[in-house]
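To start, the structure itself, in structure tokens.
Protein chains get the first letters and strands the later ones, always in sequence-line order, with residue 1 at the start of each.
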Amino acid sequence: MEEIHQLIQQRREKLKKLIEMGVNPYPYKFDRTHTSRQVKEQFDELENQTVSVAGRIMSNRRMGKAAFFHIQDMDGRIQIYLKKDVVGDFAFEVYKLLDIGDIVGIVGQVFKTRTGEISILAEKLELLTKSLRPLPIVKEKIVDGKRIVYDPFKDKELRYRQRYVDLIVNPEVKEVFIKRSRIMTTMREFLNERGYLEVETPILQPIYGGASARPFVTHHNALDMKLYLRIANELYLKRLIVGGFEGVYEFAKDFRNEGMDRFHNPEFTQMELYVAYKDYHWMMELTEEMISTIAEKVLGTTKITYQGQEIDLTPPWRRLPLFESIREYAGVDISQADEEQLRKVAKDLGIEVEDSWGSGKIIDEIFGEFVEPRLIQPTFITDYPLEMSPLAKKHRENPRLVERFEPIIAGKEIGNAFSELNDPIDQRERFEAQMELRAKGDEEAQVLDEDFLRALEYGMPPTAGLGIGIDRLTMLLTDQPSIRDVIFFPHMRPEKS
RNA sequence: GGGCCCGUAGCUCAGCUGGUAGAGCAGCGGCCUUUUAAGCCGUUGGUCCCAGGUUCGAAUCCUGGCGGGCUCACCA
């Protein structure tokens with residue numbers, strides 16, 4: 001057994017004393033009448049009234065036979081004033097055995113202290129949970145309305161590994177995740193209002209598809225077969241369109257077995273939407289309306305700041321075909337270039353081109369290098385080369401292109417969409433081209449899915465599809481620099497035990 | 001995977017060119033019935049990430065490893 005730390009030992013001893021005093025350190029319930037925020041917001045009516053509140057002790061100032069401390073609940077903190085002659089001798093003895101981190105229930109009268117802080121004069125104090133581990137102590141002071149924090153708990157490794165502590169101690173972290181939840185709720189409402197159906201599709205898939213990425217592999221014991229964790233749910237949602245649903249969406253956890261950095265986590269969340277009888281032009285309008293609506297409802301404005309950059313999400317967003325964007329930002333016209341010429345152009349631009357790259361990859365590189373980082377204001381990049389998009393429908397005016405767009409904000413794509421390919425013969429050819437790439441060693445090339453082709457052969461109506469990266473959208477709308485700051489439990493290597 | 005940086009008390013951090021560790025907060029003991037980074041007095045607490053090496057002597061220098069951050073590459 002590991003040695004028990006002194007601070008934990010001390011708390012265990014207090015726990016023992018409390019039990020000896022007849023206090024249940026882990027009771028079953030507590031009836032609370034108000035949250036901290038309600039007490040503050042309704043102070044005028046509540047002054048001198050009795051309320052009950054509950055929360056975790058976050059500060060403690062004992063002064064002989066009285067004490068001030070703050071408790072923190074779901075939506076904030078409130079100060080408790082404890083006087084021995086009001087709360088009683090026994091409760092005061094209990095109080096003396098409490099620590100920062102303990103969870104208590106308080107019944108008492110609402111009042112304002114001499115310095116004007118809304119507080120509760122405790123008449124009853126009940127221990128609701130004894131905490132055995134010391135919390136990082138973060139002190140703060142409000143000066144001119146600004147919160148000054150002393151010794152903030154900021155070690156990223158500890159914060160990510162022990163997110164519960166991060167959430168207790170850093171209120172702004174909680175805010176980010178509340179916003180994440182509201183972003184998803186608002187998006188769901190937006191889609192439901194339009195009559196689209198929220199559905200669920202398999203996470204364990206015998207054939208993975210819908211994106212170009214490497215999958216996680218797992219094994220089904222009973223069937224003794226390989227299964228993949230989905231990299232996308234696109235092909236399943238389109239099967240549902242075939243089945244007669246005319247608008248379906250899913251908030252999907254996807255899994256990609258690739259590198260991690262501040263924009264990538266091995267598991268991440270995407271919202272994918274498919275709507276029958278629509279094309280990508282229509283989907284652009286829906287996208288800009290949806291994102292700006294979310295910003296408006298969650299943040300109260302469509303003008304946001306991301307990492308110091310001012311961004312205006314108000315529709316309409318700029319539409320810019322891919323080749324035009326490259327002409328504009330890289331100064332070269334490659335709309336008619338073949339692979340040989342592309343190779344030369346890329347080299348002239350200073351890009352190291354690898355022999356295995358096809359023209360799609362080269363174009364993507366030029367775009368990623370010269371264009372994408374400069375697209376700060378929301379922009380739809382449209383009309384991608386055919387070979388980069390095996391599931392998108394050919395462009396109605398140019399068969400070398402597909403009808404696809406990516407919304408780009410703050411230099412980063414936050415989604416992907418197209419007029420969905422519904423010609424089963426064309427789809428088969430595209431899959432076959434992918435298989436050839438795979439044979440050449442491209443591990444991210446897509447896999448041919450016979451059942452999906454069979455579904456298309458029954459006939460899928462013209463359909464527009466959209467995927468939005470929820471994590472990236474949340475980063476944008478909460479001004480967080482890393483995807484780890486918008487995922488509660490980002491992937492980490494195992495802790496040494 | 002490459003480069004740079006980091007790992008010292010529960011938390012935040014000092015510890016210069018080597019002499020086996022220190023502060024603030026928290027904790028513990030004492031005083032204090034409107035404090036608020038409460039205050040005053042006293043005080044406990046460390047496998048200096050791990051393993052080797054150099055040295056009379058390593059938190060400090062070297063090598064390797066582990067974990068993390070940033071970044072580049074890869075990657076939607």
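- Across all strands, A:N60 comes closer than 4.0 Å to no nucleic acid atom at all (heavy-atom distances).
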Return all side-chain donor-acceptor pairs below 3.5 angstrom for residues 82-95 of chain A, not counting sequence neighbours, or 'none' if the list is empty.
{"residue": "A:E93", "atom": "OE2", "partner": "A:K96", "partner atom": "NZ", "Å": "3.3"}
{"residue": "A:Y95", "atom": "OH", "partner": "A:N60", "partner atom": "OD1", "Å": "2.5"}

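- Distances were taken from every side-chain heavy atom of A:P136 (C-beta onward) to each of B:rC11, B:rG69, B:rA37; the shortest belongs to B:rC11.
- Using a 4.0 Å heavy-atom criterion, one finds that A:K412 contacts no nucleic acid atom at all.
- The cationic group of A:R374 does not satisfy the cation-pi geometry with A:Y329, failing either the under 6.0 Å distance to the six-membered ring centre or the 45° limit from the ring axis.
- When heavy atoms are screened at a 4.0 angstrom cut-off, A:K84 is found touching no nucleic acid atom at all.
- Among the heavy atoms of the strands, none lies under 4.0 Å from A:R12.
- At the heavy-atom level, A:I142 lies nowhere under 4.0 Å from the strands shown.
- Projected onto RNA chain B by closest heavy-atom contact, A:R114 and A:Y160 fall at different nucleotides, the more 5' of which corresponds to A:R114.
- Straight-line distance from the CZ atom of A:R62 to the C1' atom of B:rG30: 10 Å, rounded to whole Å.
- Here A:R159 lies out of heavy-atom contact (under 4.0 Å) with every strand.
- When the side-chain nitrogen and oxygen atoms of A:R61 are compared with OP1 and OP2 of B:rA38, one or more of them lie within a distance under 4.0 Å.
- Using a 4.0 Å heavy-atom criterion, one finds that A:A67 contacts no nucleic acid atom at all.
- At a cut-off of 3.5 angstrom, the base of B:rC13 holds no donor-acceptor pair with the side chain of A:D151.
- The partner of B:rU63 is B:rA51, judged by Watson-Crick or G-U wobble contacts that both fall below 3.5 Å.
- Shortest non-hydrogen contact noted between A:M475 and A:Y306 is O-CE1, 3.2 Å.
- Residues A:E365 and A:M492 both approach RNA chain B. Their nearest nucleotides, taken by heavy-atom distance, put A:M492 toward the 5′ side.
- When rounded to the nearest whole Å, the span between CD of A:Q10 and P of B:rA9 equals 17 Å.
- Counting heavy atoms from C-beta outward, A:K253 and A:L229 have side chains that stay 4.5 Å or more apart.
- Base contact: A:F111 has a heavy atom under 4.0 Å from a base atom.
- Among the protein residues, A:R147 comes within range of no part of the nucleic acid, since none of its heavy atoms lies under 4.0 Å from any strand.
- Using a 4.0 Å heavy-atom cutoff across all strands shown, A:F153 reaches sugar-phosphate atoms only and no base atom.
- Nucleic acid contact class of A:Q6 (heavy atoms, under 4.0 Å, all strands): base.
- The residue A:K14 sits close only to the backbone: its heavy atoms come under 4.0 Å of sugar-phosphate atoms, none of a base.
- Residues satisfying the ring pair (Phe, Tyr, Trp, His ring centres under 6.0 Å) criterion with A:F177, sequence neighbours excluded, are A:F488.
- Looking at heavy-atom distances under 4.0 Å, A:R493 makes contact with sugar-phosphate atoms alone, never a base.
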> Run the side chain to side chain donor-acceptor pair (under 3.5 Å) check on A:T35 and A:D73 step by step: do they pass?
Replying inline: CA-CA 7 Å; A:T35 68; A:D73 62 20; 4.7 Å; no
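- Within 4.0 Å (heavy atoms only), A:Q79 reaches at least one base atom of the nucleic acid.
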